[in-house]
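Working notes for the structure below.
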Amino acid sequence: MPSFIKALALLASLSTTFAAPSRYANHQASTTTTAAAQASTDLCGTADYIILDSSPWIVYNMLYNADVTVGTQCTVYDSMSTASDGTKSVKWDSVANIEYVESTNNVPKGYSFVGLTQNLENTVNAISSIPTSYNWTRTNTTTFKGNICYDFMTNDVSGDSTSSDSQELMLWLQYEGGQLPIGWGTPTATIDSLFGTSWKLYQGVNTDTGITVSSLLPDTQFDGSFEGDLKDWLLALVNLNVFAATTYVNVGNAGTEFFYGDSIMNATLALQIDLA
Ligand SMILES: *[C@@H]1O[C@H](CO)[C@@H](O)[C@H](O)[C@H]1NC(C)=O
Ligand SMILES: *[C@@H]1O[C@H](CO)[C@@H](O)[C@H](O)[C@H]1NC(C)=O
Ligand SMILES: *[C@@H]1O[C@H](CO)[C@@H](O)[C@H](O)[C@H]1NC(C)=O
């Protein structure tokens, strides 16, 4: 099993907001779609994914709390394209039809994302840049609770994203329906200027995994479009002593978390790690 898959299997065990029931442990990858032509694919099982050929990406429908999900959730791989400057992008969708259930309304049901498969397990220092562009639209026909975010994991040990000294880093771009980060309350730090806005850092331990989650929430939410070099995010966290620049970036992805609601997210993403 490639290490980025193992790392993502672990990511499935991370609830990225308030602690969720530990019901994800027995999920299996029920489908691996690697058709030669790589046609558009609907990924609707609890751990369905497609590794995109000739790209740095895996597209993943990760329903780590499928057991408490009433409804369906699919991640759709649509297509890839290459711009004239060589930048690749992937067009994908996340389609949630999840009922509101009072007792689990605060439990994230899963994470639909495009994850990196290349140039992971390098230190922050060894990375020259992480250029990204994320464009999305959300069309919901009921109240929707969830977000649009990046989620990275670091550790001072290359490839380790399971031990409790791993760090989970979230950059929230947009969130709605009352979603709150782990450690919500008094921010542990503020960042005055990053990606054109100011941010608040919330930190807390995910009691399911023992891993500290550091979430940056923008003072002004992004409304369908984000562009930047994510190395600036990592360096801002180095500056706040969350970790050192000698730490390893072991997991990186962009996606959407969902709690409930009938909602379609259509997105186009460019994301890659360039090494120094
Ligand atoms: C979509 O979700 C948002 C956030 O929960 C909500 O404010 C809005 O009313 C929803 N739209 C519809 C059509 O239900
Ligand atoms: C949005 O996603 C839905 C579900 O995959 C798809 O049917 C629709 O064509 C997409 N719309 C756009 C504009 O890409
Ligand atoms: C996002 O939209 C901007 C503005 O239209 C465009 O320049 C950029 O290439 C788009 N990004 C992707 C990944 O399609």
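Note that ligands are numbered from 1 as they come in the structure, with each ligand's atoms numbered from 1 the same way. All values below were derived from every heavy atom in this structure, side-chain atoms included, with hydrogens, water molecules and symmetry-related copies excluded.
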Is it true that Val59 and Leu271 fall in one hydrophobic cluster, defined by side-chain heavy atoms closer than 4.5 Å?
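Looking at the clustering, Leu271 is in the same group as Val59.
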Only heavy atoms of Thr141, strictly under 4.0 Å: list the atoms of ligand 1 that pass.
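Here the atoms of ligand 1 in question are 14 (O).
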Which ligand 1 atoms, with their elements, are less than 4.0 angstrom from a heavy-atom of Phe144?
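In order of number, 2 (O), 4 (C), 5 (O).
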Are Tyr77 and Trp92 close enough that their ring centres sit under 6.0 Å apart?
no
Around atom 7 (O) of ligand 3, find the nearest protein heavy atom and jot down its residue, atom name and distance.
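Minimum-distance protein heavy atom for atom 7 (O) of ligand 3 reads Glu227 OE1, 4.8 Å.
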Looking only at protein heavy atoms, which one is nearest to atom 10 (C) of ligand 3, and how far off is it?
Asn135 ND2, 2.5 Å
I'd like to know if Ser225 contacts ligand 3, where contact means a heavy-atom distance under 4.0 Å to any ligand atom.
no
With a cut-off of 6.0 Å (strictly less than), are more than 12 heavy atoms of other residues, nucleotides or ligands near CG of Asn105?
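Yes, because the 6.0 Å sphere around CG of Asn105 holds more than 12 heavy atoms from other groups.
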Out of [options], who is nearest to [atom] when you count heavy atoms only?
atom: atom 3 (C) of ligand 1; options: Asn140, Asp262, Thr139, Thr142; value: Asn140
atom: atom 13 (C) of ligand 3; options: Ala83, Ala267, Ser133; value: Ser133
atom: atom 1 (C) of ligand 2; options: Asn266, Thr268, Asp78; value: Asn266

Applying the side chain to side chain contact (heavy atoms under 4.5 Å, CB included) test to Leu237, which of Leu169, Val124, Leu171, Thr247 qualifies?
Leu169
Taking all non-hydrogen atoms of both residues, which atom of Pro218 and which atom of Trp172 are closest, and how far apart?
CD-O, 3.0 Å
Can you list the atoms of ligand 2 that are under 4.0 Å from a heavy atom of Lys91?
12 (C), 14 (O)
For atom 5 (O) of ligand 2, is the nearest protein heavy atom under 4.0 Å away?
yes
Side chains of Gln174 and Trp136 only: does a donor on one sit below 3.5 Å from an acceptor on the other?
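A pair is found: one side chain offers a donor N or O, the other an acceptor, under 3.5 Å apart.
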For Tyr60 and Phe113, take the angle between the two ring planes, folded into 0 to 90°, and tell me which bin it lands in: parallel under 30, tilted 30 to 60, perpendicular over 60.
parallel
